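Notes follow once the structure below has been shown.
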Amino acid sequence: MRNFTNVQDIGDLKGAVKEALEVKANRFAYQHLGRNRTLLMIFFNSSLRTRLSTQKAAMNLGMNTIVLDVNQGAWKLETERGVIMDGDKPEHLLEAIPVMGCYCDVIGVRAFARFENKEEDYNETIINQFIKYSGRPVFSMEAATRHPLQSFADLITIEEYKRCERPKVVLSWAPHPKSLPQAVPNSFAEWMNATDYDFVITHPKGYELAPQFVGKAKVEYDQRKAFEGADFIYAKNWSAYADPNYGKVLSTDRAWTVDSEKMGLTNNAFFMHCLPVRRNMIVTDDVIESPQSIVIPEAANREISAQVVLKRILESL
Ligand code: CP
């Protein structure tokens with residue numbers, strides 16, 4: 001594997017999950033792969049899970065790691081080509097990227113949608129510049145439109161907990177006070193569509209995801225109907241995708257909060273969320289604290305998804 005930005009890059013999902021479970025059972029078996037190799041992790045946005053789990057995965061593989069928070073201590077970066085740089089940004093990404101590539105063997109990048117220009121976000125301008133100019137394999141630690149390390153961890157978790165071959169998995173919009181990117185739901189939908197699960201997306205009107213991510217999923221605007229018989233509820237907020245409301249919050253309706261009454265409509269479903277989660281906005285305390293909540297094992301699997309991706313990249317060097 002050279003780069004990892006979407007579900008296609010991982011190839012056969014059954015094989016990837018099998019490899020993940022092998023890595024999970026023996027996570028220090030591949031230390032030779034990372035010896036004298038350095039991972040550079042670049043964060044344009046905040047993180048708890050991605051930072052820790054990816055660093056741990058790299059250490060499991062024997063790698064050295066360098067973490068750079070672009071917004072804390074690095075030069076402010078210009079990202080647009082052709083700009084007269086007479087403002088507050090002293091360095092251009094087009095020099096910074098190849099320089100970063102000099103100090104490492106693999107680069108992980110976190111660069112969220114900026115909601116300034118939908119085309120720029122959906123063209124994945126930042127991570128694609130890293131792929132083009134760094135000279136190194138690049139993997140996404142959440143980009144503008146996808147969060148594949150999260151989705152891979154979600155898939156591993158569903159495979160570990162599922163009680164039937166083809167579970168009903170429901171991605172449910174839930175309220176949040178701030179404008180959030182579509183990366184997690186886009187990516188989750190992309191990965192679920194690559195399985196043979198019964199996959200349903202539920203959200204209020206106006207929150208339709210981009211058609212290329214909705215794919216073959218069933219869209220159900222009635223959340224309660226969507227929950228009926230579900231085996232997994234995956235809650236997430238996202239902002240509007242469709243013009244002219246791209247990036248906007250259209251609703252904070254707490255009637256969409258996942259609560260125990262709605263969970264009662266399901267087939268004793270497991271509750272999932274990528275975290276961080278706003279309690280009593282996205283999900284009530286009693287649901288997230290219930291035995292059916294698997295948000296912690298889901299987060300734990302972030303180490304495993306990152307390790308499989310890094311292992312495959314190291315094997316290709
Ligand atoms: N789920 C996730 O990516 O968490 P962080 O934003 O804390 O990394």
Side-chain angles (χ1 to χ4, degrees), residues 4-7 9-10 20 39-60 65-72 106-115 121 124 126-127 130 138-158 160-161 169 171-174 176-192 209 213 232-239 258 270-279 281-283 288 293-310:
F4 176 71
T5 62
N6 60 44
V7 72
D9 292 331
I10 202 81
L39 167 65
L40 175 57
M41 299 164 65
I42 311 285
F43 287 92
F44 287 84
N45 311 94
S46 304
S47 167
L48 187 151
R49 278 142 293 273
T50 304
R51 174 188 297 246
L52 297 179
S53 62
T54 309
Q55 206 164 354
K56 177 65 164 63
M59 292 191 295
N60 293 349
T65 60
I66 305 172
V67 180
L68 178 66
D69 284 303
V70 171
N71 298 319
Q72 285 172 17
V106 183
I107 301 181
V109 180
R110 167 163 282 202
F112 290 176
R114 292 189 286 188
F115 295 139
D121 289 342
E124 291 288 8
I126 303 284
I127 198 163
F130 274 90
V138 172
F139 66 95
S140 168
M141 298 194 300
E142 186 170 345
T145 65
R146 293 176 176 88
H147 193 358
L149 284 178
Q150 180 66 53
S151 308
F152 186 16
D154 297 335
L155 175 68
I156 296 164
T157 311
I158 292 172
E160 287 178 319
Y161 281 84
V169 178
L171 167 62
S172 178
W173 182 93
H176 192 283
K178 302 253 194 274
S179 170
L180 298 188
Q182 296 104 30
V184 169
N186 282 347
S187 205
F188 186 71
E190 185 174 66
W191 285 66
M192 291 301 101
L209 295 168
F213 292 107
F232 293 87
I233 299 296
Y234 192 100
K236 184 71 184 86
N237 174 266
W238 61 90
S239 60
V258 178
F270 291 105
F271 175 81
M272 300 178 74
H273 188 282
C274 62
L275 306 182
V277 68
R278 295 218 181 207
R279 282 176 174 230
M281 287 293 294
I282 300 280
V283 57
I288 198 164
S293 170
I294 53 172
V295 295
I296 305 302
E298 181 184 358
N301 276 334
R302 290 293 307 276
E303 178 185 337
I304 308 306
S305 63
Q307 190 166 336
V308 171
V309 167
L310 278 170

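Not measured: the values here are computed from a predicted model. Start at 1 and go down the list; that is how both ligands and their atoms are numbered.
- Checked against ring pair (Phe, Tyr, Trp, His ring centres under 6.0 Å), Phe152 has the following partners two or more places apart in sequence or in another chain: Trp191.
- Residues meeting the ring pair (Phe, Tyr, Trp, His ring centres under 6.0 Å) test with Tyr234, sequence neighbours left out: Phe188.
- Under 4.0 Å from any atom of ligand 1, one finds heavy atoms of residues Ser47, Leu48, Arg49, Thr50, Arg110, His147, Gln150, Cys274, Leu275, Arg302.
- Atom CZ of residue Phe44 and atom CD1 of residue Ile127 lie 10.0 Å apart, to the nearest 0.5 angstrom.
- Annotation: ring pair (Phe, Tyr, Trp, His ring centres under 6.0 Å) contacts of Phe139 (sequence neighbours excluded): none.
- Distance check, rounded to the nearest 0.5 Å: CD1 of Ile288 to CD1 of Ile294 gives 11.5 Å.
- Atom-to-atom distance recorded for Ile10:CD1 and Leu149:CG is 8.5 Å, nearest 0.5 angstrom.
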